[in-house]
Amino acid sequence: EAGVAQSPRYKIIEKRQSVAFWCNPISGHATLYWYQQILGQGPKLLIQFQNNGVVDDSQLPKDRFSAERLKGVDSTLKIQPAKLEDSAVYLCASSLEVGYEQYFGPGTRLTVT
Amino acid sequence: KQEVTQIPAALSVPEGENLVLNCSFTDSAIYNLQWFRQDPGKGLTSLLLIQSSQREQTSGRLNASLDKSSGRSTLYIAASQPGDSATYLCAVRPMDSSYKLIFGSGTRLLVRP
């Protein structure tokens, strides 16, 4: 069974630029999560999708972050414009349904200079 | 608000030593607790998941215990090996939101040959 795929693996941008990350969950998983992990901290949930609907985006900075999951499969997370404090690893995870075990992708490491 | 703390933040031990990693949480109302391993540049790999009704789980050289009433969990690693070097994260799933994992900041483990 293929795992959660993410791309790119690394990205370096200047502040005020925009960036997008892509995630392909495990086939058949209805629930998809985006986490932000700042260096030295644990992951923090940004947004959760159930199929193509948003379940929880309470910790998503909506003035600059956006995410979508069209057709209930792949998802993209966008930051526009980026700030220095957005430097982090962005992890995507998926689970069969809400509350089931989550499986994580390798993450995208973003550096904002 | 649920908070998860892991002590120590970093640990260095010689190969072969038995070791214990600690995790504490502030609210005992949890569905389960999970221990993850994170290698540099990689995503999270689930090691052990303990349901709230369980006291411990074992997998190979790993043993995780849960004392919900005191808000504590330990991960015991027997006969440590250099390949065990990684960051270990614990996460709880609170009963107020069964899908959201709350992570600690992790313990960075180095096992010296």
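Note: hydrogens, waters and symmetry copies are ignored here, and every other heavy atom, side chains too, is used.
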Minimum-distance pair of heavy atoms, taken over all atoms of B:Leu89 and A:Pro43: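 Closest approach of B:Leu89 to A:Pro43, heavy atoms only: CD1-CD, 4.3 Å.
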Closest contact, heavy atoms only, A:Gly40 versus B:Ser105: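 Taking A:Gly40 first and B:Ser105 second, the nearest heavy atoms are O-CB, 3.6 Å.
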Can you hop from [X] to [Y] via hydrophobic side chains spaced under 4.5 Å?
X: B:Leu19; Y: B:Leu75; value: yes
X: A:Leu110; Y: A:Leu39; value: no
X: A:Val54; Y: A:Phe65; value: yes
X: A:Phe21; Y: A:Val112; value: yes
X: A:Leu45; Y: A:Leu60; value: no

Between CD on residue A:Gln37 and CZ on residue B:Phe103, distance to nearest 0.5 Å: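 CZ of B:Phe103 is found 8.0 Å from CD of A:Gln37.
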Reported OH-to-NZ distance for the pair A:Tyr33 and B:Lys100, which is rounded to 0.5 angstrom: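 Going from OH on A:Tyr33 over to NZ on B:Lys100, the span is 11.5 Å.
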Exceeds 12 heavy-atom contacts within 6.0 angstrom, atom NZ of A:Lys71: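 No, NZ of A:Lys71 has 12 or fewer neighbouring heavy atoms, counting only those of other groups under 6.0 Å.
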Neighbour count >12 (heavy atoms, 6.0 Å) for atom CG, A:Leu96: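 For A:Leu96, atom CG is crowded (more than 12 foreign heavy atoms under 6.0 Å).
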Segment of A:Thr108 engaging chain B (4.5 angstrom heavy-atom cut-off):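 Neither part; nothing is under 4.5 Å.
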Which portion of B:Gln6 sits near chain A, non-hydrogen atoms under 4.5 angstrom: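 Neither part.
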Chi angles and distances behind the side chain to side chain contact (heavy atoms under 4.5 Å, CB included) call for B:Gln34, A:Glu101: CA-CA 9 Å; B:Gln34 200 165 357; A:Glu101 185 171 359; 3.5 Å; yes
Positions in residues 42-72 of chain B that reach chain A, provided some heavy atom is under 4.5 Å away: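 Those residues of residues 42-72 of chain B which have a heavy atom under 4.5 Å from chain A are B:Lys42, B:Gly43, B:Leu44, B:Ser46.
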